[in-house]
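First the proteins, then the strands, lettered A, B, ... as listed; each starts at 1.
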Amino acid sequence: MTLLEAILLTVITASTPLLIAAIGELVVEKSGVLNLGVEGMMIMGAACGIVAAIATGSGAAGVLAAVLAGMAMAALFAALTLGLAANQVAAGLALTIFGIGLSGVVGAAHVGAQREGIGKLEIPLLSDIPFLGPVLFGQDPFVYASFALTAGVAWFLTRTKAGLILRACGESAASAHALGYPVLRIRFLAILFGGACAGLAGAYLSLVLTPFWTSGMTAGRGWIALAIVVFASWLPWRAALGAYLFGGITILQLHAQGAGFRVPPQLMSALPYLITIVVLVAIMRLRRGGTAGPANLGTPFVPDR
Amino acid sequence: MPPLIEAQQIVKRFGSLVANDHVDLTVAAGEVHALLGENGAGKSTLVKMLYGLLQPDEGRILWRGEKLVLNGPRDARRAGIGMVFQHFSLFEAMTVAENVALALDGEEPLPRIAARLAEVSRAYGLPLEPRREVWQLSVGERQRIEIVRCLMQDPQLLILDEPTSVLTPQEAEGLFATLGKIRAEGRAVLYISHKLEEVRRICEAATILRGGKVVARCDPRQESAASLARMMVGTEVGSVRHDAAEPTGPVRLSVSALSMPPAEAHGVALKDISLTLHRGEILGIAGVAGNGQDELFAALSGERLAPRAESVALDGTAVGREDINARRRRGAAFVPEERLGHAAAPRFSLSENALVSGHAANGFVRGGFVERGRMLGWVDAVTKAFDVRKGPRDPEARALSGGNLQKFVVGREILRKPAVLVVAQPTWGVDAGAAQLIRQALVDLAKEGAAVLVISQDLDELLEIADRIAVIFHGRLSQAMPVQGLTREALGLLMGGSGFPADDAAPGAAAREREPA
Amino acid sequence: MRLILEKRAETPLAMTIASPLIAVALTLVSAAVIFLAMGQDPWAALHVYFVAPLSDSWGLQEVAVKATPLVLISVGLALCYRSNNWNIGAEGQFLVGAMAGGWLALATHGAPQGPWLLPSMLVVGAIGGALFALIPAVLKTRFGANEILTSLMLVYVAELLLDWLVRGPWRDPQGFNMPVTVTFEPEAVVPLLLEGGRLNLGTPIALLVVAIVAVLVGRTLKGFEIRLVGEAPRAARFAGFDERRLTWTVFAISGALAGLAGILEAAGTVRMLQPGISPGYGFTAIIVAFLGRLNPVGCLIAGVFLAITFIGGENAQIMLRMPLDVTRVFQGLLLFYVLACDTLLLYRPRLVRSAAA
């Protein structure tokens, strides 16, 4: 394996959880809901994923538990913001604080417990192609899933009636309601989907990337996923680009540290966060004069009865 | 043969308010039926129940003699009921075809929808381009989308909620022609309006609501506008005493060659606007919504600063670069169009809302500290002078009815005895009594020497109180013309753009949707 | 049956006071359930958590010590949130305040020092926090960059900066390679108020700040401006208020208060700089702000309550061997309940039978 191959492989593993979480949040935001609790749902996915995997000895069970945990967290958020029309920003923050705490409790008994990661799923023949083979076709199932998700969401949003309805809820909840669409139910499903994706991304962290549990292991990835959605202007394929950009930066700074650059390691570690800020500013400059965000993003909707 | 639709003894309550109190309504096939009533009489509530958006607490709906239960608009559409909303239910960032698709049930591919759209547009003379995005369209074009997408479902009953309030007289004529075609096909129309002349012309039956109850049924062709108004309001509404006159006094407000880029992505640019407003004069600015009225208000008030100081002058002083409070200190006062959210903060008390526009020039603030007593005194004075009806002495703004809150936000400014008053949509959505009181107050203010600028989409209102009228279109302003000898038709042509220079920029003009009431 | 919300015409006053109390009560009930699920005696555990910290002078002083930063930070955050400015980076502003003030203490270490040192440290800490908070504020007003994300990202940056300083240039050479600075000189330490405890001058400073901000919000035009911008931004423009300048003002104030809390913590309680200087005060203060209904006096009461949970959590860790994260679970739950109860202020919930088909 060449160095370049190795770097590419690590970039893919760093980018995949960001992509999965960002795609989920993108769908949520397209429906008009801002869920800032991605970090909390993700870390609950990570904790529940590894606990279930250790308990059952099955990676698949771990993944399922992570997805369910993410959805349960999302349902909590939905109950507050849809059922009770609570402030979405505050409810998202609450979800993050709650998730970080609860994940610590859930994972307390398993701190540092190692577990074999989920293996690669090599596609026969194709993965034998030199260079391209291992990079494109020798990945773990999550990587394929992340791209399937991206393609599926892109298709869903632009090519299906259901996707059109979901976007309509994000553009004008009042109009969608007047046409007879169940805005709150649609938003609820979108939020659940976002939770499932965040949970899946969390499972990737604790089952593949670092196959053990440490408290706080998401380290801001949920927040970066939120930034990626803004960077992507709510376009799925651009979210993939964004996720790989951030994943690439993370890995480059690791390699730079490893290669003995005479820069404080803390500065290198701060790079992804600083880049996020720079990217957020740059994208707003580029998009000056018009926003691509859903018009009703973050606005609670309460139908008249 | 049973009537097409029959609502029997419908009751709808919101908390303690009875919005519909045992209402009966019958519409026959092939009939254009008017539903008349003041704001708050319960018209919208009733038609929302007929369209399945609300469920009645009591009573039932019969469709061709059989009981019809509507659990949502989808059920209504399936039965054959279509509705065009007053505040359109459109999606600005989506294309015309997508907007149509959203109103159709089923999985029809977009190209097929676009083809059918073209067909229906042609049949009814309502041209539309399927691929354009809604924010680029004028108000009239937006209404066309609403009507066409209803017609594409082949409805037997079409409900239109205040369809002409946003149209030019000529556009309204076009709508009446379309309604004629619809009726000729044997479809029925339920027509909600408070424009009585119009109702007399096109409707053959009318049901009149007041305070949630049916107070009369009649054939509007047999009635006069005055008798219909009496039935709606319940008492005689006095007319505004005003004699339009040519301006003579000194100029109090002048705007010269004002041009401004739009403030936001979908806004309108103001182009080379000039006007003069004299002492004792009321100048009306007519125009279809979304032609630059909001931008003009912002420039006159100082919410946005003009590029040059000389663009706006108050009593001869160039104030274009001064902010809204500096202009207030010079004796100007402003009433914006939106009552809740712009003129007043919904969850703030009236006394705090007095502070919103009064903190700079009314002596409510001393050394940075707020003087609550003076604000309360101001609220009491406005309440008395403008007959603001409210429960407690100092309630939150959102607790007031539309008419009473409007009386408060207009009264709040008039009580300052302003030299110049700029007011947008002074009586939009308020009851006849409040509207008459507000219009009279504006006329009286001018009589005392103030200069009053009224921006309004209501031509009848402007013709009633203005001395001169100018028309705004795509950010340009016409010459101001004396009201004497001015006809609705002439104004309507200007509102539709004839007589204005061909547009250099794309018509970004489009009304931002109002929040549904 | 299903739940529907009806808009209230007017918010009953009793409800504004009752709503946070209901939230606290629900949290206590939930806590009991969680204790039970963890195999604890719920009464005993609740006692350890919420009552024991208040049972002696030392405990009371500890509550005051923990409440001080929470109250200081949350009062500033409340101003931000009231005006729709979502500063969630107070944790970073806290750390930068500690670093800025701490720098002064370290720079003068070993040299002759005077009575001016401590006040200067507090001022420099506040300025540091304010400047750090102005970064997201300016990025928001100048470029429209989302302040939630930028202020949060800066927390990680501040944490890493502190980590680098105490492991690198500022490390105590005699510190056995531990990531800590030297202990501050006595002149650089916030004086204690009582013998036999850790209560220091920071607490009265926090009370003073609460009083000042309460007057600011309730009685002055600036306070009206802050509330109006958050409640109805268009009406605020109509009132002639400059939203951009207000964004800078509230970010600067909240950053300054968080920075002040940071240097008070460093120079008062810890007396040196080290990575774990904050047990998440900046994030917990968000909950304090909401529980206090974004009202300065409310923040004071809520700050004391959350301080109790911090100490209760430490006690529970020692006495009941419960993970410290349980505290965060309670805090998250508390915020959920606060938000849920706030719905009662705007809407009247009503159970209705589903529409019969």
Side-chain angles (χ1 to χ4, degrees), chain A residues 34 36 39-40 76-77 79-81 83-87 89-109 215 219-220 223-224 226-227 230 264-270 272-277 279-285 287-288 291 302-305, chain C residues 3-7 34 38 81 86 88 135-136 139 142-146 148-150 152-165 167-168 280 283-284 286-287 290 322-336 338-344 346-347 349-350 352:
Chain A
L34 180 65
L36 293 178
E39 180 88 0
L76 205 56
F77 175 83
L80 272 179
T81 56
L84 294 171
N87 180 313
V89 172
L93 293 176
L95 195 67
T96 292
I97 294 170
F98 179 70
I100 291 176
L102 191 57
S103 68
V105 174
V106 168
S215 120
W223 294 102
I224 291 182
L226 280 159
V230 178
Q266 291 92 345
L267 177 64
M268 299 307 284
S269 304
Y273 307 115
L274 289 169
I275 296 279
T276 305
I277 296 172
V279 161
L280 282 171
V281 169
I283 198 71
M284 292 316 286
R285 269 202 85 104
R287 217 190 285 141
R288 250 174 147 176
T291 54
V302 180
D304 286 336
R305 306 274 176 190
Chain C
L3 182 76
I4 64 165
L5 302 178
E6 267 173 17
K7 281 202 176 84
I34 291 172
M38 294 175 79
Y81 300 163
W86 294 99
I88 61 171
I135 299 173
L139 294 181
R142 179 83 179 77
F143 303 105
N146 184 317
I148 299 171
L149 295 172
T150 52
L152 186 92
M153 291 294 140
L154 287 171
V155 173
Y156 294 101
V157 174
E159 280 174 352
L160 288 161
L161 179 64
L162 175 61
D163 195 71
W164 172 65
L165 286 174
R167 286 176 202 279
F283 293 111
T284 306
I286 296 173
I287 301 169
F290 278 102
M322 278 204 282
L324 210 49
D325 283 312
V326 173
T327 306
R328 274 187 182 279
V329 174
F330 292 158
Q331 294 178 351
L333 273 178
L334 177 59
L335 186 47
F336 282 137
V338 168
L339 296 173
C341 290
D342 273 6
T343 301
L344 301 177
L346 273 181
Y347 303 97
R350 202 158 62 95
V352 293

Please find the pair of heavy atoms, one from [X] and one from [Y], that lie closest to each other, and give the distance.
| X | Y | answer |
| --- | --- | --- |
| A:G101 | C:D325 | O-CB, 3.2 Å |
| A:F98 | C:G332 | CB-CA, 3.9 Å |
| A:A90 | C:F290 | CB-CZ, 3.5 Å |

- Derivation of the side-chain contact (heavy atoms from CB on, under 4.5 Å) call for A:Q266 and C:L162: CA-CA 9 Å; A:Q266 291 92 345; C:L162 175 61; over 6 Å; no
- For chain C, find which of A:V230, A:T81, A:N87, A:L267 contributes the most heavy-atom pairs closer than 4.5 angstrom.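 The residue among A:V230, A:T81, A:N87, A:L267 with the greatest pair count is A:N87.
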- Message: If we define contacts as heavy-atom pairs under 4.5 Å, which of A:G220, A:S103, A:A108 has the most with chain C?
- Response: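 Of the candidates given, the most pairs with chain C belong to A:G220.
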Part of [X] within contact of chain A (heavy atom distance under 4.5 Å):
| X | answer |
| --- | --- |
| C:I286 | side chain |
| C:D163 | both |
| C:L324 | neither |
| C:Y347 | side chain |
| C:M322 | neither |
| C:I34 | neither |
| C:W86 | side chain |

- Task: Tell me, with the steps shown, if C:L339 and A:L84 meet side-chain contact (heavy atoms from CB on, under 4.5 Å).
- Result: CA-CA 9 Å; C:L339 296 173; A:L84 294 171; over 6 Å; no
- Return the option, out of C:D342, C:V155, C:L152, with the maximum number of heavy-atom pairs under 4.5 Å with chain A.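 The residue among C:D342, C:V155, C:L152 with the greatest pair count is C:L152.
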- Identify which of C:G168, C:P136, C:A145 forms the greatest number of heavy-atom pairs closer than 4.5 Å to chain A.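 Heavy-atom pair counts peak at C:A145.
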Where on [X] is there a heavy atom nearer than 4.5 Å to chain C: the side chain, the backbone, both, or neither?
| X | value |
| --- | --- |
| A:V105 | both |
| A:A79 | neither |
| A:L76 | side chain |
| A:T276 | side chain |

Please round to the nearest 0.5 Å and tell me the distance separating atom [atom1] of [X] and atom [atom2] of [Y].
| X | Y | atom1 | atom2 | answer |
| --- | --- | --- | --- | --- |
| A:I97 | C:L335 | CD1 | CG | 6.0 Å |
| C:Q331 | A:I100 | CD | CD1 | 11.5 Å |
| A:I283 | C:N146 | CD1 | CG | 13.5 Å |
| A:L93 | C:I88 | CG | CD1 | 5.0 Å |
| C:F283 | A:T96 | CZ | OG1 | 9.5 Å |
| A:L80 | C:T343 | CG | OG1 | 7.5 Å |

- Message: Please evaluate residues A:W223 and C:I148 with respect to the criterion side-chain contact (heavy atoms from CB on, under 4.5 Å), reporting the C-alpha separation (whole Å), side-chain torsions for both, the decisive distance (0.1 Å), and the verdict.
- Response: CA-CA 10 Å; A:W223 294 102; C:I148 299 171; 4.1 Å; yes
- Report the relative orientation of the aromatic rings in C:Y156 and A:Y273; use parallel for angles under 30°, tilted for 30 to 60°, perpendicular for over 60°.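 C:Y156 vs A:Y273 ring planes: parallel.
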